[in-house]
Number of protein chains: 2
Amino acid sequence: MTHGPDIARIAALVADPARSAMLLGLMDGCALTATELASLGGITKQTASSHLAKLVDGEVLSVEAQGRHRYFKLAGAHVAALLEALMVFSSDAVPPLRTGPREPSLRKARICYDHLAGEMGVALYDHMQENAWVDDGLALTEKGWRHLAVIGVTQAELPRSNRPQCRACLDWSQRRHHLAGTVGKLILDRFFALSWARRLPNSRIISFSPEGERRFGEWLR
Amino acid sequence: MTHGPDIARIAALVADPARSAMLLGLMDGCALTATELASLGGITKQTASSHLAKLVDGEVLSVEAQGRHRYFKLAGAHVAALLEALMVFSSDAVPPLRTGPREPSLRKARICYDHLAGEMGVALYDHMQENAWVDDGLALTEKGWRHLAVIGVTQAELPRSNRPQCRACLDWSQRRHHLAGTVGKLILDRFFALSWARRLPNSRIISFSPEGERRFGEWLR
DNA sequence: GTCATGGTTCGATCATAGTCGAACCATTCA
DNA sequence: TGAATGGTTCGACTATGATCGAACCATGAC
């Protein structure tokens, strides 16, 4: 009778199977595109578009347009907290989601959309910050470009887009940031081109060769 | 795509306005009957019955049948946690619910269904336990009946029902137990009959007269 | 410019589920 | 015993909203 907080409105946003699947897919804090989320929810992109509009309108998700992509992510920690409060009820699948991937190789290095995630991705991000390859605004410094040139990544390669050069992406297994953005993508592309690493089929695992891992370590010295 | 925890199922249970209103009404930990909850949700008792069945089936509520009444309450602390996680989203009404009633008179003494709640209700309950008016099973002792007789409550008055004589009810403002059950009702009735207290119109407040409060204190001596 | 791709809008369809009236069952009280 | 009250079941109605096909818009690549 008395109008309390409108918790039904938010609950309804989570109550749809497709939407909840998308939300669970974003629990790692990463931002995904609309089509990726559509496949997560097992629905067409039209339907996903409608769902995502609702979630953004309800301030459950936040969206960032970059080029022709739109990256969706959880609107904040309170959303993750809500999802966790809901997960308590399903006795089965309680633990695995926030503890990160089980397979060690996934923890070590995997692809996150188009850039490097996992321990090695976090190491790269940390190194770039600590050694002033990027400034406080995550823009590449003179010094940063010099070091990137060592493996063959040049400023000329940057597509003329307004997608940011560097972006921080929360790492699922590490719960720390790794490097995303166009530079993140370029670097990973170089790793592949230099045969330092390759993708395993049907998996997000990125497998570094012993030689590649050694060179990676040297590059960061 | 991958079947994670079925959070949509639980969310859907909260997603209905009538159901969420009922759940919010139970946030105080008290157990309410189906008809009370129906009025809380602003719906008929048939509809409420259907809603409540779903909530119990989903293990969001637990139910206890007593006579011709069925008392519903939250299934546990995890349910309250979920509701609170949802309330975070509604910027307006964040704080008041779990902090208890704002008006001091409501905190002091109010009616909870048919018995005394608030500070004085908790004091009564504590006193009865500490002074062995009731045993561990909350059944009245010889000594308890003697003291009740002082204010005119006699065993003969007890209706021959299987509603328990004494029941513990979690107090909203105090977050401790107060006395419910038939004896709780009988005692409050006596307070009214003795003019120790009266109900304020259109409110749950129970107003004790100075004389009544004094007598109440003496009775517990 | 053309083409491909990511996303949105619109409209029609369809299923789910909330709602209440009416009848019914169960318990309590007189 | 009958009357009153608390609660459930059943059936019919209705509204909401999820879904997808088709068309459309915007961006980026060539």
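In what follows, every chain begins at residue 1, and chains take the letters A, B, ... in the order their sequences are listed.
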**Request:** Could you please spell out the steps behind the side-chain hydrogen bond (donor to acceptor under 3.5 Å, both in side chains) verdict for A/Thr44 and A/Thr47?
**Result:** CA-CA 5 Å; A/Thr44 62; A/Thr47 311; 3.0 Å; yes
Output yes when a side-chain donor or acceptor of [X] lies under 3.5 Å from a complementary backbone atom of [Y], and no otherwise.
X	Y	result
A/Arg19	A/Ala12	yes
B/Arg199	B/Ile206	no
B/Ser20	B/Ala15	no

With a cut-off of less than 4.0 Å, is there a side-chain N or O of [X] near OP1 or OP2 of [N]?
X	N	result
A/Thr44	D/dC20	yes
B/Ser50	D/dT8	no
A/Arg70	C/dT8	yes
B/Lys54	C/dG18	yes
B/His51	C/dT19	yes

[X] side chain: which of [options] is closest?
X	options	answer
B/Gln46	C/dT8, D/dT19, C/dG21	C/dG21
B/Ile43	D/dT8, C/dG7, C/dC20	C/dC20
B/Ala34	D/dT8, C/dG18, C/dC20	D/dT8

Between [N] ([atom2]) and [X] ([atom1]): distance, integer Å:
X	N	atom1	atom2	result
A/Leu52	C/dT9	CG	C1'	15 Å
A/Leu37	C/dG6	CG	C1'	13 Å
A/Arg9	D/dT16	CZ	P	17 Å
B/Leu61	D/dG7	CG	P	14 Å
B/His69	D/dT8	NE2	C1'	16 Å
A/Leu55	D/dA18	CG	C1'	13 Å
B/Lys185	C/dT28	NZ	P	15 Å
A/Lys45	D/dC24	NZ	C1'	11 Å

**Message:** Assess the residue pair B/Leu124 and B/Trp219 against the criterion (side chain to side chain contact (heavy atoms under 4.5 Å, CB included)); give the C-alpha distance rounded to whole Å, side-chain angles, the decisive distance to 0.1 Å, and a yes or no.
**Reply:** CA-CA 10 Å; B/Leu124 172 60; B/Trp219 178 48; 3.9 Å; yes
**Asked** Which of parallel (below 30°), tilted (30 to 60°) and perpendicular (above 60°) describes A/His78 and B/Phe89?
**Response** tilted
**Parallel, tilted or perpendicular: ring planes of B/Phe191 versus B/Trp196, cut at 30 and 60 degrees** = parallel
**Message:** Under 4.0 Å, counting only non-hydrogen atoms across every strand here, what does A/Thr47 touch: a base, just sugar-phosphate, or nothing?
**Reply:** base
**Message:** Tell me the bend of the helix from C/dG1-D/dC30 to C/dA30-D/dT1 as the angle between end helix axes, each from five pairs, rounded to the nearest 10 degrees.
**Reply:** 30°
